[in-house]
Amino acid sequence: MNSAQRNFQPTRLIEALGAGDSSTRLRAALTIGTHPDGPGLVEALVARCAIEPDFYVRDMLTWALTRFPTGDVVLRLLAELRSPVAQARSQSLHTLSKIGDRNAWPAITRSLLYDSDDEVARSAWRAAVVLVPDGDKAALAAELATQLGRGDRTVQLSLSRALVALGSVIEPALEVAVTSADPAVREHAVATERLLRDPDTGFDQAVDEAKRIVALGPERAQETAC
């Protein structure tokens, strides 16, 4: 057995996924994805996703998982959605969105869409938009709209992007949200409406305009814009 063959041994690669050096972990994930064959590799990749601190390594772990047969990966990822570890849930959702197997749609539960951890919720929103059947898009839009006004700019941008990706089915949910008693919800709903109508509008610009509309009212805001 030559040195190249030894490097592809599953046991050595699994050990390398836990190395102290991030570049070693990155190379191990790349090698596994390039040669997606061997006992225990899917389990090792999924387990590492839950604890890996480096963003680039996590991205490579996800890529490596997408290289394996879908049936071998999806069931393992679905089990992680019940993990008490937030990163395990968020990374599994992220990977499911990359795989795009719509059979996983029933696993995108309300508890994940409303998860108290922002990263989990953001990953759930993105996965839901990818996996949702056409007939469930309006219901998903209504669920996502209940999260309008949540979090900081990053969280709100993620939600707006998810809603806009659903298309015109979000309009009824936004119409309800713009009448909310909560100014933050109204502002976020108006900003999302602007993005739906003009995708080229920057999010910050849409938010600034939404704040002005909420503060002045639609008619007064239109007058001052003229």
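Computed over heavy atoms, backbone and side chain alike; hydrogens, waters and symmetry mates excluded.
- Of all the heavy atoms in D37 and L41, the pair that sits closest is O-CD1, 3.5 Å.
- The two residues L93 and V120 come nearest to each other via the heavy atoms CD1-O, 3.7 Å.
- Residues T192 and S160 bring a donor and an acceptor atom of their side chains to less than 3.5 Å of each other.
- Here the closest heavy-atom approach between residue L113 and residue A124 is recorded as CD2-O, 3.8 Å.
- Using a distance-only test at 3.5 Å, with no hydrogens or angles considered, no donor-acceptor pair links the side chain of R122 to the main chain of V155.
- Heavy atoms of other residues, nucleotides or ligands lying less than 6.0 angstrom from CZ of R161 number 12 at most.
- V132 has its side chain within reach of L166: a pair of non-hydrogen atoms, C-beta onward, lies under 4.5 Å apart.
- In this structure a side-chain-to-backbone donor-acceptor pair under 3.5 Å is missing from S92 to R89.
- Between atom OG of residue S22 and atom CZ of residue R58 there is a gap of 12.0 Å, rounded to the nearest 0.5 Å.
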| request: Applying side chain to side chain contact (heavy atoms under 4.5 Å, CB included), run through I51 and V85 and close with a yes or a no. | output: CA-CA 9 Å; I51 59 174; V85 179; 5.8 Å; no
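- Listed here is the closest heavy atom pair of R67 and T34: NH2-O, 4.0 Å.
- Within the model, atoms CD1 of I99 and CG of L65 stand 6.5 Å from one another, a figure rounded to the nearest 0.5 Å.
- Note that CG of L17 is 12.0 Å distant from CZ of R27, once rounded to the nearest 0.5 Å.
- Side-chain atoms of R126 never come within 3.5 Å of backbone atoms of A162 as a donor-acceptor pair (strictly under, hydrogens ignored).
- Rounded to the nearest 0.5 Å, atoms CD (Q91) and SG (C49) are 4.5 Å apart.
- Scored by the side-chain hydrogen bond (donor to acceptor under 3.5 Å, both in side chains) test, E52 finds R25, R48 as partners (sequence neighbours excluded).
- Closest approach of G100 and V130 over heavy atoms only: CA-CG1, 4.2 Å.
- When all heavy atoms are compared, the tightest approach of T66 to K98 is CG2-CB, 4.1 Å.
- With rounding to the nearest 0.5 angstrom, the CD atom of E80 is 10.5 Å from the CD atom of Q87.
- Interatomic distance, I32 CD1 to W63 CH2, rounded to the nearest 0.5 Å: 10.0 Å.
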| request: Please step through side chain to side chain contact (heavy atoms under 4.5 Å, CB included) for the pair L45 and V42, ending with a clear verdict. | output: CA-CA 5 Å; L45 290 169; V42 169; 5.5 Å; no
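- Side chain of T62 to main chain of D59: no donor-acceptor pair is present (N/O by atom type, distance under 3.5 Å, no hydrogens or angles).
- More than 12 non-hydrogen atoms from other residues, nucleotides or ligands lie less than 6.0 angstrom from CZ of R102.
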Side-chain donor-acceptor contacts of residues 135-149 below 3.5 Å, not counting sequence neighbours, with atom names and distances?
unit_1 : atom_1 : unit_2 : atom_2 : d
D136   : OD2    : W105   : NE1    : 3.2
K137   : NZ     : D134   : OD1    : 3.4
E143   : OE1    : R110   : NE     : 3.3
E143   : OE1    : Y114   : OH     : 2.2
E143   : OE2    : R110   : NE     : 3.3
T146   : OG1    : Y114   : OH     : 3.4
T146   : OG1    : E143   : O      : 2.5
Q147   : OE1    : R150   : NH1    : 2.9

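- Contact check for T95 versus V46: no side-chain heavy atoms found under the 4.5 Å cut-off.
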